[in-house]
Amino acid sequence: MKPYRFLCQCLDSFASLHETLEDREWETFVRFARQEFVEGAVYAALRRKDELDRLPPPIRQKLKHMYHLNSVRHERLKGRLTEAIRLLNDRGIEPMILKGGLRILDPRVDPGSAFMWDIDMVVPMAALDESVGALVGAGYRPQGEGKEWTYHYRPLIHPSRVSVELHVRVGEQRDFLTPDEAWAEAEAIPLDGSRALRLGATHRLLHNVFHSEVMDRGYFLGFFGLRRLLVFVELCRDHAETIDWTAAADRMERHHLAHILRNRFHQAQKLLGLPTPDGFEPDRRARLHFRRCMLSIRWGRFHSAAGHFDRLLLPFDRHRIDLMYDCGGDSVRIAMSRARHGLRLFRRYRWNAWREIAHGGGRG
């Protein structure tokens with residue numbers, strides 16, 4: 001669709017805007033930007049290109065409004081993140097910052113370009129209780145008293161309504177990227193007066209793909225997820241010399257996800273102009289998946305129906321089941337644990353189990 005192509009041209013740092021939209025297409029353009037959470041990123045990109053005049057004034061004003069909202073939230077999150085790092089440092093803990101938190105700390109990132117919900121950081125399992133105590137002592141309060149958790153402590157909410165999640169694993173998985181591997185290759189973040197870490201470049205790339213395509217179901221539902229695809233492109237361009245492409249491919253292959261990484265490179269090339277590294281050229285499967293994603297954009301109702309169906313299957317995802325029941329990746333044990341988990345949900349919610357799952361529950 002032309003509005004979606006134009007959206008991608010706006011976000012591509014090196015693309016010229018050769019598409020032109022008709023009056024009736026501008027609202028569709030804004031709707032796509034809102035669905036992908038890239039309204040602020042579009043405004044920032046067009047400002048860098050000196051192309052804001054290409055937008056009709058009402059459309060430009062909508063994007064500018066979201067850009068400023070992002071900027072305000074960015075500053076609020078930055079204040080809380082730097083405070084949280086300091087509080088943990090005072091206890092001798094160096095947290096590993098994940099995802100959007102890295103963009104908050106990166107002075108090169110335009111504050112209004114990124115939409116963010118919360119702050120995610122990893123702490124050693126042995127330091128979890130002390131980390132929680134440090135934040136609670138500074139006014140944070142746990143959300144959802146008594147609820148179970150798997151890979152992070154329940155969200156800690158600051159009075160300013162900023163949420164911090166303390167992870168002990170890198171995402172909702174057990175064996176794709178273990179804590180020991182993540183900590184072993186973690187890099188120091190250059191900060192003034194504080195100490196924090198980030199995943200190594202190869203692990204950041206893998207985490208980005210796994211989080212977008214597996215945890216957030218991008219591959220299974222057939223959507224691009226432009227917000228995370230932009231970060232994927234940025235990682236590939238900024239760290240092309242330090243990413244171990246062979247190790248990344250091998251890890252994806254071991255976990256039967258090699259096709260997902262190939263798909264992601266194809267999407268990045270088609271939508272945002274990223275040159276494809278050697279060995280990741282698209283195959284027939286990647287091209288078909290790209291067409292499927294484009295069809296889901298065109299047929300939004302079908303995509304919405306697929307999302308409702310996927311929520312019913314999500315609690316039984318192999319990575320989540322392995323995380324909860326420690327199946328060791330064994331297919332038979334995973335199948336048995338799925339049955340066990342289904343029975344557990346039925347015992348807890350009875351005939352309302354399907355409704356609980358459909359509204360985001362179902363973790364047991």
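Side-chain contact between L226 and F32 is absent, with no heavy-atom pair separated by less than 4.5 Å. In this structure, R54 and F6 have side chains that are in contact, with non-hydrogen atoms separated by less than 4.5 Å. Put simply, the side chain of Y43 reaches to within 4.5 Å of the side chain of L52, judged on heavy atoms. Side chains of P95 and N89 form a contact here, defined as non-hydrogen atoms less than 4.5 Å apart. Within the 4.5 Å cutoff, no side-chain heavy atoms of V170 are placed close to those of H203. Within the 4.5 Å cutoff, side-chain heavy atoms of L81 are placed close to those of I97. Side-chain atoms of F290 and Q267, non-hydrogen and from C-beta on, do get closer than 4.5 Å to each other.
Within 6.0 Å of CG on D50 lie no more than 12 heavy atoms contributed by other residues, nucleotides or ligands. By the 6.0 Å contact criterion, NE2 on H65 is open, its count of non-hydrogen atoms from other residues, nucleotides or ligands being 12 or less. Atom NZ of K49 has more than 12 heavy atoms from other residues, nucleotides or ligands within 6.0 Å.
Taking the six-membered ring for Trp, H211 and H207 have ring centres closer than 6.0 Å.
Here the shortest heavy-atom pairing between V122 and W183 reads O-CH2, 3.6 Å. Among all heavy-atom pairs drawn from I85 and A196, the shortest one is CD1-CB, 4.0 Å. The heavy-atom pair separating L230 from A41 by the smallest distance is CD1-CB, 4.4 Å. The shortest non-hydrogen separation linking P3 to F29 is O-CD1, 3.7 Å. Nearest heavy atom pair, residue L205 against residue A248, reads CD2-CB, 4.5 Å. Residues R169 and P179 share a closest heavy-atom pair of NH1-CD, 3.9 Å.
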Query raised in the report: Hey, mind stepping through L77 and M116 against side-chain contact (heavy atoms from CB on, under 4.5 Å) and telling me if it holds?
Result: CA-CA 9 Å; L77 287 166; M116 292 181 55; 3.8 Å; yes
Requested in this report: Please step through side chain to side chain donor-acceptor pair (under 3.5 Å) for the pair T202 and R251, ending with a clear verdict.
Outcome: CA-CA 10 Å; T202 305; R251 186 177 297 263; over 6 Å; no
Query raised in the report: Taking it one step at a time, do L257 and V209 satisfy side-chain contact (heavy atoms from CB on, under 4.5 Å)?
Result: CA-CA 10 Å; L257 300 172; V209 176; over 6 Å; no
Report task. Would you sort out whether H239 and R204 count as a side-chain contact (heavy atoms from CB on, under 4.5 Å), showing the intermediate values? Result -> CA-CA 10 Å; H239 301 280; R204 261 179 285 155; 3.6 Å; yes
Report task. Go through L46 and R60 one step at a time and tell me if the side-chain contact (heavy atoms from CB on, under 4.5 Å) criterion holds. Result -> CA-CA 10 Å; L46 292 179; R60 184 166 64 244; over 6 Å; no
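Between H152 and H167, the two ring planes are tilted [angle within 30° to 60°]. Ring pair F265/F280 is tilted by interplanar angle, where 30° to 60° counts as tilted.
Taking 4.0 Å as the cut-off between side-chain N and carboxylate O, D250 and R254 do not count as a salt-bridged pair. Residues R108 and E234 are not paired through a salt bridge, judged by the lack of any N-O separation under 4.0 Å between the basic side chain and the carboxylate. Of the charged side-chain nitrogens involved, at least one lies within less than 4.0 Å of a carboxylate oxygen, so that E187 and R198 count as a salt-bridged pair. Ion pairing of E83 with R80 is present here, as a side-chain N (NZ or NE/NH1/NH2) and a carboxylate O approach within less than 4.0 Å. With respect to K99 and E165, no salt bridge is recorded, no charged nitrogen being found less than 4.0 Å from a carboxylate O.
In the hydrophobic clustering of ILVMFWY residues, with side-chain heavy atoms under 4.5 Å counting as a link, L206 and Y151 come out together.
Remark: the S212 side chain and the R264 side chain contain an N/O donor-acceptor pair separated by less than 3.5 Å.
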